[in-house]
Amino acid sequence: MHRWSQLFIPTLREAPADAEVASHKFLVRAGFIRQLATGIYSYLFLGQRSFNKIIGIVREEMDKIGQEFYLPALHPRELWESSGRWSVMGDTMFRLKDRKGADLCLGMTEEEVMTEIARKELRSYKQLPQIWYQIQSKFRDEARPKSGLLRVRQFLMKDSYSFDIDAAGLDVSYQKHHDAYCRIFDRCGLKYVVVEAHSGAMGGSQSHEFMVRTAAGEDQVVSCEKCNYAANMDKATSKLVPVEDLAATGDGNPLEVHTPGQKTIEDVARFLGVSPKNKIKTLALMVDEKDSKTGKVVPRPVVVLLRGDHQLNEAKLSSAVGGKETRPMQAEEIERLFWSPAGFLGPIGIEWARDVRQVERPILLVDNALEGRTNLISGANKEDYHLKNVTPGRDFQPTAYADLRSVTAGESCPNCSAPLRIDTAVEIGHIFKLGYKYSESMGARVLDRNGKEVTPIMGSYGIGIERILTAAIEQSNDENGFWLPPPIAPFEIVVTPTNVGDEKVKSVAEDIAQQLDAAGFEVLLDDRDERPGVKFKDADLVGIPYRVTVGKKVTEGTVEVVRRSTREMHDASIGAITGYFQQVLRPAR
RNA sequence: CGGGGCGUAGCGCAGCCUGGUAGCGCACCUGCCUUGGGCGCAGGGGGUCGUAGGUUCAAAUCCUAUCGCCCCGACCA
């Protein structure tokens, strides 16, 4: 049993001025955390208790599917060079030198370290599958840490890695993680959604994110009101309402129209009296490609066509160009390709690559929404002119059609056609089929059944420990503070004697706390010599789900039980308290 | 990295424009009082005004540089 008067729980009446989101304000006000520097926080007593409980749950569930390791956070440069990520990670990686001048870095994830162990130690298919995990600090020099513990430079992560002999084995390891994550987040009392996620640049075959919907989040999830469809913004698709095409004019072939000074989609649509949906949006971008012979990096034009009212999704575009990054073309680059200033660009009159490998020609990517459309309006590649009657496939040949746009709220679900909603969310977990990227580049090999060398296939899986707590707070707070689900709360019950000067009140509170403690509950006795108002305010603030108030009614043998989330309050006889909490906190399963 | 803002007591802020005694609320300490929602009265402690340089008889205040922190954007295996 813990006594408040002996503890360091520095609660604050006011939130620090720079705190914006609820979890940040309350974590500081409730004395869970204190900031040391931008994106770097100390965890005080209550915070650490909460994290320890979260870690306990993660560990219990992970032990059912894998084995816990503890890996170094300090890594040699050579290790990250062996996977090629020393240069890829850029400024986000913390780097330092040792006394000999050797380069080191602080770990952002641990694929390299795990794969290094696998490479050295795994020899035979008989040793597979393996699932190895750890819970450890990760370091990322984020461009912009923010929102308290939501986006920080040092944080705790449960990261695990699976090694399987083949894709079917990976499917099993992946599913085990999926199920373990569901059990973990359920036990933590979170409401979450599992969404299909963008697999990233490396062509990983499958990826899911575990998201908690909250306004404080930085990610966007698209989900269906009716069925269980849910996806990350970078992955989501929708069914579109068909658009009525314009009638052909003149002989039906592309026809120049004078559109002086009409540069934006809206301008042109208004000027010509058509909907933006009948207009082609032409985006001029560049992608850096490596020349296969010289190895030199050469910029290559990538032109993207979208329906006029649609928005480009950069992650989808990146996937479409093989995981590379794109940038907008500069004015000279636009002139060189289109012979026209921006505002009047279009696909007609340029020789586009037949497929991506035809490197001497520019790439033309056309969004699926334009496939099969006819008589669209595009720029004419001539200042102050646009073209009517533009029909994809007839008037120009795309290098490829692809899904390139972001869905918007209200569009139809791809499965059941019900309206889609878009919410901001916090990512609390991510499971990812890595494939062969690390095992291949770092040279991990095992012998299969036939004595043939094969490369094990990997998965990697992460859980943000701090984000579980912040998401829980974002989900459950009011103007007075927050309440946590009992499994992750720093204490389950706070016993609040209203007046420790009253011997009867004091001793009953003491007895109740002792009893609850003896029965195995996590109890905090607020034995401070403070006025009741102060204690109630603090009790409401710090996230403890239940309060037992011991006050005047002790003379009648009665105390009050208050449930923080609902403010529900009822009198209970002193002798019945332990039984009551047995029922609500330890129900038989 | 681009744009904006802020650094004055533990927290929240005023003072700066117009240079001259460093202030307020909360918190903290002592005493009394009070005891069901941050109570009251009295007394008290605590600040190199982020740092460095400059202007001036005199700088929290004006100028320059620098560091830190926050917000928006870019970025985010």
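Chain A is the first sequence line, chain B the second, and so forth, proteins listed ahead of strands; every chain is numbered from 1.
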Note to self: If I take atom CZ in residue Phe155(A) and atom P in nucleotide A77(B), what distance separates them, rounded to the nearest angstrom?
What the structure shows: 12 Å
Check: side-chain contact (heavy atoms from CB on, under 4.5 Å) with Arg445(A): which residues, sequence neighbours excluded?
Finding: Glu453(A), Thr455(A)
Next item on the list: Would you mind telling me which residue lines up with the more 5' stretch of RNA chain B, Arg140(A) or Asp18(A), judged by nearest nucleotide?
Entry: Asp18(A)
Note to self: Do the side chains of Glu556(A) and Lys553(A) get close enough for a salt bridge, i.e. N-O under 4.0 angstrom?
What the structure shows: no
Next item on the list: Quick one: list whatever passes ring pair (Phe, Tyr, Trp, His ring centres under 6.0 Å) with Phe482(A), sequence neighbours left out.
Entry: Phe32(A)
Checklist line | Met286(A) vs Arg300(A) side-chain heavy atoms within contact, under 4.5 Å | finding: no
Next item on the list: Return the value, rounded to whole Å, for the distance between atom CH2 of Trp4(A) and atom P of G38(B).
Entry: 16 Å
Notebook entry, point to check: Hey, is Asp540(A) close enough to Arg547(A) for a salt bridge, meaning N to O under 4.0 Å?
Noted result: yes
Next item on the list: Between protein and nucleotides 4-11 of chain B, map the contacts as a letter string: B base, S sugar-phosphate only, - none, heavy atoms under 4.0 Å, written 5' to 3'.
Entry: -------S
Next item on the list: Go through the structure and list residues passing salt bridge (Lys or Arg N to Asp or Glu O under 4.0 Å) with Lys138(A), not counting sequence neighbours.
Entry: Asp159(A)
Notebook entry, point to check: Just checking, is any N or O donor in the side chain of His208(A) or Tyr174(A) under 3.5 Å from an acceptor N or O on the other one?
Noted result: yes
Margin query: Which nucleotide, if any, forms a Watson-Crick or G-U wobble pair with C62(B), using both distances under 3.5 Å?
Written below: G54(B)
Checklist line | Test side-chain contact (heavy atoms from CB on, under 4.5 Å) applied to Arg77(A) - qualifying residues, sequence neighbours left out | finding: Glu81(A), Trp86(A), Asp103(A)
Checklist line | Between A9(B) and C24(B) - P atom distance, rounded Å | finding: 14 Å
Notebook entry, point to check: Thr109(A) has a side chain; which of A77(B), C72(B), C70(B) sits nearest to it?
Noted result: A77(B)
Checklist line | Whole-Å distance separating the CG atom of Asn232(A) from the P atom of A77(B) | finding: 11 Å
Check: Roughly how far apart, to the nearest Å, are U21(B) and G12(B) at atom P?
Finding: 26 Å
Item checked: Distance between C1' atoms of G20(B) and G38(B) (Å, rounded) -> 40 Å
Margin query: Between Arg327(A) and Glu333(A) (salt bridge meaning N to carboxylate O under 4.0 Å), is one present in this structure?
Written below: yes
Notebook entry, point to check: What does Asp91(A) touch in the nucleic acid at a heavy-atom separation under 4.0 angstrom: a base, only the sugar-phosphate, or nothing?
Noted result: nothing
Margin query: Between Glu111(A) and Lys437(A), does any NZ, NE, NH1 or NH2 come within less than 4.0 Å of an OD or OE carboxylate oxygen?
Written below: no
Next item on the list: Grab the CG-C1' distance between Asp141(A) and C1(B) for me, whole Å please.
Entry: 13 Å
Notebook entry, point to check: Side-chain donor-acceptor pair under 3.5 Å between Asp526(A) and Thr496(A), yes or no?
Noted result: no
Next item on the list: Mind jotting down which residue pairs meet the ring-ring contact (aromatic ring centres under 6.0 Å, His included) criterion with at least one end in residues 555-574 of chain A? Sequence neighbours excluded, please.
Entry: His570(A)-Tyr580(A)
Next item on the list: For G3(B) and G50(B), measure between their P atoms and round to the nearest Å.
Entry: 24 Å
Next item on the list: May I ask you to verify if any side-chain N or O of Thr38(A) is less than 4.0 angstrom from the OP1 or OP2 atom of C70(B)?
Entry: yes
Item checked: Syn or anti conformation of U21(B), syn meaning chi within 90° of 0 -> syn
Item checked: Protein-nucleotide distance (Lys537(A), atom NZ; C26(B), atom C1'), rounded to Å -> 15 Å
Margin query: Ala509(A): which residues meet the side-chain contact (heavy atoms from CB on, under 4.5 Å) condition with it, sequence neighbours left out?
Written below: Val495(A), Pro497(A), Leu525(A), Val550(A)
Notebook entry, point to check: According to a strict under-4.0 Å criterion, is Gln35(A) in side-chain N/O contact with OP1 or OP2 of C70(B)?
Noted result: yes
Notebook entry, point to check: Which nucleotide, in any strand shown, forms a Watson-Crick or G-U wobble pair with G38(B), with both distances under 3.5 Å?
Noted result: none
Notebook entry, point to check: Does G2(B) have a Watson-Crick or wobble mate here (both distances under 3.5 Å), and if so which one?
Noted result: C72(B)
Next item on the list: Rounded to the nearest angstrom, tell me the gap between atom CD in Glu142(A) and atom C1' in G73(B).
Entry: 15 Å
Next item on the list: Both distances under 3.5 Å, Watson-Crick or G-U wobble: report the partner of A22(B), or none.
Entry: none
Check: Which residues pass the salt bridge (Lys or Arg N to Asp or Glu O under 4.0 Å) test with Asp141(A), sequence neighbours left out?
Finding: Arg153(A)
Taking N or O atoms only and anything under 3.5 Å, show me the protein contacts with nucleotides 33-36 of chain B, one pair per line.
from	atom 1	to	atom 2	distance (Å)
U34(B)	O2	Arg531(A)	NH1	2.7
U35(B)	O2'	Asn499(A)	ND2	3.3
G36(B)	OP2	Lys552(A)	NZ	3.1
G36(B)	N1	Glu560(A)	OE1	3.3
G36(B)	N1	Glu560(A)	OE2	3.3
G36(B)	N2	Glu560(A)	OE1	2.6
G36(B)	N2	Glu560(A)	OE2	3.3

Next item on the list: Could you please name the partner base of G47(B), counting Watson-Crick and G-U wobble pairs only when both distances are under 3.5 Å?
Entry: none
Item checked: Under the ring pair (Phe, Tyr, Trp, His ring centres under 6.0 Å) test, residues paired with Phe69(A) that sit two or more places apart -> Trp132(A)
Item checked: Pairing of Arg3(A) and Glu510(A) as salt bridge, 4.0 angstrom limit -> yes
Note to self: Using a heavy-atom cut-off of 4.0 Å across all strands, would you classify Met93(A) as base, sugar-phosphate, or nothing?
What the structure shows: nothing
Check: Heavy-atom contacts under 4.0 Å between residues 20-33 of chain A and RNA chain B, which residues?
Finding: Glu20(A), Arg29(A)
Check: Across the strands shown, which category fits Glu314(A) at heavy-atom distances under 4.0 angstrom: base, sugar-phosphate, nothing?
Finding: sugar-phosphate
Check: What string of B, S and - do you get for nucleotides 42-47 of chain B, 5' to 3', if B is base contact, S is sugar-phosphate-only contact and - is no contact with any protein heavy atom under 4.0 Å?
Finding: ------
Margin query: Using heavy-atom distances to pick each residue's nearest nucleotide on RNA chain B, tell me which of Arg13(A) and Arg144(A) is more 5'.
Written below: Arg13(A)
Note to self: I need the CZ-C1' distance between Arg528(A) and C39(B), as an integer number of Å.
What the structure shows: 16 Å
Check: With both distances under 3.5 angstrom, what nucleotide forms a Watson-Crick or G-U wobble pair with A77(B)?
Finding: none
Next item on the list: Give one of base, sugar-phosphate or nothing for Asp502(A), where a contact means two heavy atoms less than 4.0 Å apart.
Entry: nothing
